[in-house]
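In this text, all values refer to a predicted model and were calculated from it rather than measured experimentally. By convention in this document, chain letters (A, B, ...) are assigned in the order of the sequence lines, proteins followed by strands, and residues within each chain are numbered from 1.
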Amino acid sequence: AQSVAQPEDQVNVAEGNPLTVKCTYSVSGNPYLFWYVQYPNRGLQFLLKYITGDNLVKGSYGFEAEFNKSQTSFHLKKPSALVSDSALYFCAVRDTLYTGGFKTIFGAGTRLFVKA
Amino acid sequence: DGGITQSPKYLFRKEGQNVTLSCEQNLNHDAMYWYRQDPGQGLRLIYYSQIVNDFQKGDIAEGYSVSREKKESFPLTVTSAQKNPTAFYLCASSSLSGLQDNEQFFGPGTRLTVL
């Protein structure tokens with residue numbers, strides 16, 4: 001079975017400081033990993049994904065994420081936070097090993113607050 | 001503009017009524033999905049479809065029904081059997097590359113409130 005966990009309900013950071021939003025996962029095969037962002041009363045927007053290859057993935061709006069297989073983690077990072085980064089962030093995983101259906105599982109979300 | 005649209009944006013329903021939420025995409029995507037979002041619970045998959053005239057139940061399909069008669073359209077009906085339908089509903093689509101699906105594109109959502 002596949003699962004994904006975002007251990008922090010909320011992350012607070014000052015503008016200009018680096019930010020990290022944590023994500024860990026569990027799959028039977030190899031993972032496809034995704035990060036999405038949601039602004040209030042809107043749908044989710046894709047930020048970045050890891051399929052294979054380089055463990056450091058760069059995405060939209062200056063975000064990046066590092067795939068760590070030994071720690072089964074895919075933390076989202078940004079070197080310098082902006083107030084406009086304040087939003088709800090979702091990590092998602094899909095198992096490459098067929099287990100009766102190719103479904104993407106989403107974490108519960110982490111709310112990021114960036115203070116000016 | 002290519003994209004995925006949902007209508008209506010807000011929907012109010014009386015108890016015992018069925019309602020249908022619309023989802024249309026012009027991205028030529030094979031796969032389409034319906035999710036329910038409740039505070040603190042993330043997204044939960046209701047139904048998904050990878051091809052026309054075929055769909056599969058997700059994790060919380062009870063009280064919901066779907067159809068996929070056209071590639072572009074994937075309407076969701078919330079029936080009176082759904083005990084707690086008040087939620088934010090999100091439709092998504094993605095392309096399929098062999099056995100691999102890619103990132104999902106989401107619509108703006110429909111907020112359903114049962115009065």
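Only the side chain of A/L88 comes within less than 4.5 Å of a heavy atom of chain B; its backbone N, CA, C and O stay farther away. For a residue to count as touching a neighbouring chain, one of its non-hydrogen atoms must lie under 4.5 Å from one of that chain's; by this rule B/F105 does not touch chain A. If you measure heavy-atom distances from A/Q45 to chain B, you find no contacts under 4.5 Å at all. Contacts between B/R44 and chain A at a heavy-atom distance below 4.5 Å are absent for every atom of the residue. For a residue to count as touching a neighbouring chain, one of its non-hydrogen atoms must lie under 4.5 Å from one of that chain's; by this rule B/L45 touches chain A with the side chain only.
Cluster annotation: A/Y32 is not connected to A/L47 through the hydrophobic network of ILVMFWY side chains, with a link wherever side-chain heavy atoms come within less than 4.5 Å. A single hydrophobic cluster is seen to contain both B/Y47 and B/L11, as judged by linkage of ILVMFWY side chains at heavy-atom distances under 4.5 Å, directly or through other members. One hydrophobic cluster holds both A/V37 and A/V4 under the rule that ILVMFWY side chains link at heavy-atom gaps under 4.5 Å. A/L82 and A/V11 fall into different hydrophobic clusters, defined by Ile, Leu, Val, Met, Phe, Trp and Tyr side-chain heavy atoms under 4.5 Å apart, directly or through other members. Under the 4.5 Å side-chain heavy-atom criterion for grouping Ile, Leu, Val, Met, Phe, Trp and Tyr, B/I46 is connected to B/L21 within one hydrophobic cluster.
Applying a 4.5 Å heavy-atom cutoff, the residues of residues 65-90 of chain B that approach chain A are B/F88, B/L90.
Here OG of B/S94 is found 8.5 Å from CZ of A/F34. Values are rounded to the nearest 0.5 Å. Atom CG of A/L44 sits about 9.0 Å away from atom OH of B/Y35, to the nearest 0.5 Å.
Listed for the A/Y36 side chain is no donor-acceptor partner under 3.5 Å among the backbone atoms of B/E103.
Remark: B/Q56 pairs with B/D54 by the side-chain hydrogen bond (donor to acceptor under 3.5 Å, both in side chains) rule, at least two apart or across chains.
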List the steps and the verdict of side chain to side chain contact (heavy atoms under 4.5 Å, CB included) for A/N41 and B/K9. CA-CA 10 Å; A/N41 297 312; B/K9 187 174 182 179; 5.7 Å; no
Show the numbers, then the answer: is there a side chain to side chain contact (heavy atoms under 4.5 Å, CB included) between A/K49 and B/N102? CA-CA 9 Å; A/K49 67 181 176 183; B/N102 295 299; 3.5 Å; yes
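More than 12 non-hydrogen atoms from other residues, nucleotides or ligands lie less than 6.0 angstrom from CG of A/L56. The 12-atom threshold is not exceeded at CD of B/E15, counting heavy atoms of other residues, nucleotides or ligands nearer than 6.0 Å. More than 12 heavy atoms of other residues, nucleotides or ligands shown are found within 6.0 angstrom of CD on B/Q17.
Here the closest non-hydrogen pair linking A/F90 and B/Q37 is CZ-NE2, 3.4 Å.
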